[in-house]
Structure formats: C-alpha cells, structure tokens
Protein chains: 2
Amino acid sequence: MAVFFGTHAMKVDGKGRVSMPAAFRDALHASGDPSAVLMPADGAPVIEGCDHAFVEDLVKRAYTPGAMSEARREQVLLVLGEMVKLSLDPEGRFVFPSALRGHAGVEDTAVFVGRGRIFEIWHPAKHEAARTETKSKLGGERLSLARLFTVGEDKP
Amino acid sequence: MAVFFGTHAMKVDGKGRVSMPAAFRDALHASGDPSAVLMPADGAPVIEGCDHAFVEDLVKRAYTPGAMSEARREQVLLVLGEMVKLSLDPEGRFVFPSALRGHAGVEDTAVFVGRGRIFEIWHPAKHEAARTETKSKLGGERLSLARLFTVGEDKP
DNA sequence: TGGGATATCATGGGAATTCATGGGCGTCAA
DNA sequence: TTGACGCCCATGAATTCCCATGATATCCCA
C-alpha cells in the first residue's frame, strides 16, 4: 500500500513540468504501478492525487452490490470522470495539466503534502492558510503520535 | 512490533548527523523496515519518532470507514503532512533535519527516550525538566514494575 | 575467574551518488 | 509546418555511501 507523508515544495519549470518528490515516487513504486492519478478537489483550491491501486479499490467498492449507498456510488462515478492519469518522465517529472494548475492556483511552486493513501498539491500560501485554519478548527488539542494512537477517543 | 525503551544521549556531528541508538535500531529492524519517521510534537520542544509500521497502522485506521471520528481523522491527516522519513546510513546514523532540530532546541547532544511504540528526541536540559515535572504531576506515587502490573487501578 | 582477543558502537571526514531542475532534439499528429 | 509531447543530456547542490578511528563491551579459553 502506498503511504504518502511529509511536505515537499517543488518548482514548476517553463515547460510546465514538476518533479514528483522522491519520497512519493518511492511510495508509488510500492504498489507496482509507478503512475499516479490527479483530480481537482471540489470546493477548495487543491489537487488530490493517489496511486492506481487506490482508484481500483474505489471502483471495486462502487461495483460491489451493497458496499455503498446509491448516492455515494453516484459521487464516485462522477469523480472518476475528473481524474487524470500522470505518466512520469525518466527523471520522475510530469507535466502539470494546466486545467488542474489553474484550479489550485499554482504558479511557479507546487507544494506536495502527504495525507496517507492520497496526497495533495497546493499553492504555497494557500496551503499555509488552509493548514492554519484546519488547526484552529480542531480546537487547539495537542497533536502527538502517542495521543493520536490511543484508543477510546477515536470512536465517532 | 517495535518496542522502544531506555534513555540514550547521542552527539550531533558537524554534518548534523546523529547515531540512532543501537537498541532503537534493533527495535526498528524488528518490523522489517529499518527506516524511522520523525515529527515535531505540538506544544512541546520535543520530536516524536516511530517506525514505518506505526504510520501505516495509523493510515489504515484513518482510511477505514467508521474507525475513528471525523475530527480525529482530520488530526491524523494533518499530522501526516508534518512527518519526515529518516533513512539510516550504513553506520546507523541519520541527518537530523534542521527544522526539527530547531523545534526541539537540540544543539550538540540529542537525548533519545523510549516510550513504547514511539520514542522522543530532546535537548538534554529540557528533557530533565520535563521528566521532573511529569513525575511531580503524578503525585509522588511509587513507580515499580510490580505495582504497575497490578490490575484494578488501570481502568479510567 | 582473570585477562587478552574480538566484536560492536559511536563518531569523524572525504568520495561518490542521487535529486531537482534546466534546456535541446527528435517524433508524431493535426 | 507548428506545436505538443516524450526522451536524452547537463549541472549544481544536497544527500548518502565508504573507509577510518578510538572506546566500550563482549566473548573465549586457559
């Protein structure tokens, strides 16, 4: 399973190319298929990315009777239409599709942020703002590994 | 499962490298992947560390429907963005990322403290202070293996 | 049990590799 | 032709590898 974490700022060159961070490249390789999939996030200036296996899981569940609600299924199918497959060049770069770049407002720097099974691509300032807001929304609770792993509080 | 315990003071060399204590290296090896993951703890001058399996567990739970509250899930995903992967060199050392070093205030000596499934990295003096404070906060109860293992007191 | 031989560990510094990035060239299609 | 796209090479910086050293700690055998 590909696991993405960490934050990496990368340049977008004159040809619109971006290096996939080496750590993410390794994570992608973990699932055999080194290609990635991008998608504009709905309602926020950010691009979401994942590996091919993640999409496959989603599709499997969408086509398994009873695995999700009809509405959720419809959402999944809709989202599938917005996905873009990336192929990396021999140096580990890809051309950042201009439509997606516009959605995220990315200019010359793209910030890659790991979120577990997916990752995000942000404009640096927008990312900083979003992160700060999320943190304040979570109510100042101290974030630590040990705390996050404790049971008892993690039930809905 | 990796189990970290004990306290080990290590030097930071001119290149910013630190030896992972041998005991911790062995613990990391126990889970197959000898690499470690670091993270700045929120609200305290300390770095938290764990093995890759720990992160994977966290991610798996975060992506399992119903496994945790929405707020907790958001916290986990936020924290993932702050993590840094360490790769140990053949001698068992790693470069202590300067941002993390700054967070912990570590200069030329880093104190590694085992805390079970995770470990911590401190500035020597700050660690001593924090340890003293925690002990006093626990109300002077005598700490012994036999006592800690008795049941009846360990329910919330 | 003493004590030397042998590993392991922590640490230091130079060499080689990887990474991110930039640019040129050929190819295929409209 | 004219782009768009993919492939190849080049480069500087940062990272990782490799070898070396002293200090402990461990082993082994008489």
Side-chain angles (χ1 to χ4, degrees), chain A residues 4-30 33-38 47 49 84-102 106-114 119 121-124 127, chain B residues 2 4-30 33-38 49 52 83-102 106-114 119 121-124 127:
Chain A
F4 303 99
F5 59 88
T7 299
H8 314 266
M10 315 299 285
K11 288 264 175 170
V12 183
D13 71 14
K15 289 177 163 184
R17 291 177 303 189
V18 196
S19 282
M20 179 71 69
F24 287 13
R25 282 204 302 266
D26 293 347
L28 287 169
H29 265 292
D33 185 349
S35 69
V37 173
L38 294 190
I47 304 304
V84 180
K85 174 168 180 175
L86 295 184
S87 48
L88 305 188
D89 75 10
E91 282 74 40
R93 294 175 291 192
F94 61 93
V95 205
F96 200 162
S98 58
L100 296 180
R101 231 168 93 192
V106 165
E107 291 148 12
D108 63 341
T109 302
V111 175
F112 290 70
V113 185
F119 60 88
I121 309 181
W122 288 88
H123 178 285
H127 171 240
Chain B
F4 304 100
F5 59 89
T7 299
H8 314 266
M10 315 299 285
K11 288 265 177 171
V12 182
D13 71 15
K15 287 176 158 185
R17 289 178 303 190
V18 195
S19 282
M20 179 71 68
F24 287 13
R25 282 204 303 266
D26 293 346
L28 287 169
H29 264 293
D33 185 348
S35 69
V37 173
L38 295 189
H52 193 273
M83 292 183 176
V84 179
K85 172 169 179 171
L86 296 184
S87 47
L88 305 189
D89 73 12
E91 283 73 41
R93 294 173 292 191
F94 61 92
V95 267
F96 200 161
S98 57
L100 296 180
R101 232 167 89 194
V106 166
E107 290 148 12
D108 62 341
T109 302
V111 176
F112 289 70
V113 185
F119 60 88
I121 309 181
W122 289 89
H123 178 285
H127 171 239

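Each chain gets a letter, A, B and so on, in the order the sequences are listed, and its residues count up from 1. None of these values were measured; they are calculated from a predicted model.
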Rounding to a whole Å, what distance do you find between [X]:[atom1] and [N]:[atom2]?
X: B/Asp89; N: C/dT18; atom1: CG; atom2: P; value: 16 Å
X: B/Phe112; N: C/dA10; atom1: CZ; atom2: C1'; value: 12 Å
X: A/Met10; N: C/dA20; atom1: CE; atom2: C1'; value: 6 Å
X: A/Lys11; N: C/dC19; atom1: NZ; atom2: P; value: 20 Å
X: B/Leu88; N: C/dC9; atom1: CG; atom2: P; value: 13 Å

Partners of [X] by side-chain contact (heavy atoms from CB on, under 4.5 Å), sequence neighbours excluded?
X: B/Ser87; result: none
X: B/Val12; result: B/Val18, B/Arg101, B/Val106, B/Ala110
X: A/Ala9; result: A/Thr109, A/Val111

Partner set under ring-ring contact (aromatic ring centres under 6.0 Å, His included) for A/Phe4, not counting sequence neighbours: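 Here the qualifying residues are A/Phe24, A/Phe119.
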Interface residues of residues 92-100 of chain A with DNA chain C (non-hydrogen, below 4.0 angstrom):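 Heavy-atom contacts with DNA chain C come from A/Arg93.
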Side chain to side chain donor-acceptor pair (under 3.5 Å) against B/His127, all qualifying residues, sequence neighbours excluded: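 Side chain to side chain donor-acceptor pair (under 3.5 Å) list for B/His127, sorted by chain: empty.
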Heavy-atom contact window of chain A on DNA chain D, given 5' to 3' at under 4.0 Å: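 Counting from the 5' end, contacts occupy D/dG6 to D/dC9.
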A/Arg25 side-chain proximity, nearest of C/dA20, C/dC9, C/dT11: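 Between C/dA20, C/dC9, C/dT11, the one nearest the side chain of A/Arg25 would be C/dA20.
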Close side-chain approach of B/Arg25 to B/Pro34, heavy-atom, < 4.5 Å: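 They are not in side-chain contact.
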Terminal axes of the helix from C/dT1-D/dA30 to C/dA30-D/dT1 (five pairs each): angle between them, nearest 10 degrees: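 Helix axis angle between the two ends: 50°.
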With rounding to the nearest 0.5 angstrom, report the [atom1] to [atom2] distance, [X] to [Y].
X: B/Met83; Y: B/His52; atom1: CE; atom2: NE2; value: 10.0 Å
X: B/Ile121; Y: B/Met10; atom1: CD1; atom2: CE; value: 10.5 Å
X: B/Ser35; Y: B/Leu86; atom1: OG; atom2: CG; value: 8.0 Å
X: B/Phe94; Y: B/Asp89; atom1: CZ; atom2: CG; value: 10.5 Å

Hey, what are the protein-to-nucleotides 24-28 of chain C N/O distances that come in under 3.5 Å?
from, atom 1, to, atom 2, distance (Å)
C/dG24, O6, A/Lys15, NZ, 2.2

B/Asp33: partners by salt bridge (charged side-chain N to carboxylate O under 4.0 Å, His left out), with sequence neighbours left out: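 By the salt bridge (charged side-chain N to carboxylate O under 4.0 Å, His left out) rule, B/Asp33 matches no residue at all.
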B/Arg17: partners by salt bridge (charged side-chain N to carboxylate O under 4.0 Å, His left out), with sequence neighbours left out: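 With neighbours one apart ignored, the set is B/Asp13.
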Atom of B/Met20, atom of B/Phe112 and distance for their closest heavy-atom approach: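 Answer, listing the atom of B/Met20 first, then B/Phe112: SD-CE2, 4.1 Å.
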